Amino acid sequence: NAGVTQTPKFRILKIGQSMTLQCTQDMNHNYMYWYRQDPGMGLKLIYYSVGAGITDKGEVPNGYNVSRSTTEDFPLRLELAAPSQTSVYFCASRDGLSYNEQFFGPGTRLTVL
Amino acid sequence: KQEVTQIPAALSVPEGENLVLNCSFTDSAIYNLQWFRQDPGKGLTSLLLIQSSQREQTSGRLNASLDKSSGRSTLYIAASQPGDSATYLCAVSGGSSNTGKLIFGQGTTLQVKP
């Protein structure tokens, strides 16, 4: 199993541009998550999904959108990039059992100039 | 609102020393607590997960404890090695429904000197 994969690894955007961060997992997990990590800080939840077709906001959803059309994929969309969205973005997944751990992807480092 | 705090923010120890990393949380209604390791520029690697009904978990030289009533967890690293140098994050999962949303602390950056 590849686990959780994310593309791209790095990206530089100009203010106002848009992009989609891709996340795919091959573990047949129902639950998927997007977090962002600012320098020297812990991670904060942006959006999450409990299954295909079901998504909900996390702690810091403003400026982002998500969709979940399949179990495997959970893309994160930035519509109008702003410097405040410069961060490292992590995707994670877990199965539906209450006590099971989350598995994280390698991250996407995004810079908005 | 759940808040997670990790103290200290940074720690430097000589190789071979035993050490303890601390994590505290404000709401004791948690489903589980996870400890992660993060190497510079890398993703998160899960080290240990403690269910809310458990008191501790062990993996090799690592031992994590959980005291829900006091809102505390510790990660004990025995006989530290330079390869243990990394940032250690704790995160709790909880709330009114078990959606698995994690609330993270800011992390403790550990340096083990040869």
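Keep in mind that what you see is a predicted model, and the values were worked out from it rather than measured. A note on names: the letters A, B, ... follow the listed sequences, proteins ahead of strands, and every chain is numbered from 1.
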Revision key, fill the gap. For B:Gln38 and A:Phe90, the nearest pair of non-hydrogen atoms, with its separation, is NE2-CZ, 3.5 Å

Check your understanding: In terms of heavy-atom proximity below 4.5 Å to chain B, should A:Tyr35 be classed as side chain, backbone, both, or neither?
Key -> side chain

What's the separation between atom [atom1] in [X] and atom [atom2] in [Y], rounded to the nearest 0.5 Å?
X	Y	atom1	atom2	answer
B:Phe36	A:Glu101	CZ	CD	7.5 Å
B:Gln34	A:Arg94	CD	CZ	9.5 Å
A:Gln102	B:Asn32	CD	CG	8.5 Å
B:Phe104	A:Glu59	CZ	CD	11.5 Å

Exercise for review: Verify the neighbour count for atom CZ of B:Arg55: are there more than 12 heavy atoms of other residues, nucleotides or ligands below 6.0 Å?
Suggested key: no

Check your understanding: In terms of heavy-atom contacts, does CZ of B:Arg37 have more than 12 from other residues, nucleotides or ligands at under 6.0 Å?
Key -> yes

Exercise for review: Report the option among B:Leu89, B:Leu102, B:Thr109, B:Ile103 that has the most heavy-atom pairs separated by less than 4.5 Å from atoms of chain A.
Suggested key: B:Leu102

**Study point:** Test item: A:Leu43 and B:Leu44 side chains (from C-beta on) under 4.5 Å apart, heavy atoms
**Key:** yes

Exercise for review: Ignoring hydrogens and angles, tell me if any N or O in the side chain of A:Tyr48 forms a donor-acceptor pair with the backbone of B:Gly100 under 3.5 Å.
Suggested key: no

Applying the 4.5 Å side-chain criterion to the ILVMFWY set and letting contacts propagate, would [X] and [Y] be lumped into a single cluster?
X	Y	result
A:Phe104	A:Tyr33	yes
A:Tyr89	A:Phe74	yes
A:Tyr31	A:Tyr64	no
B:Tyr76	B:Trp35	no
A:Ile12	A:Leu21	no

Point to revise | Under 4.5 Å from any heavy atom of chain A - which part of B:Ile50 | key: neither

Practice item. Among A:Arg109, A:Gln37, A:Gln6, single out the residue with the greatest number of heavy-atom pairs under 4.5 Å to chain B. Key: A:Gln37

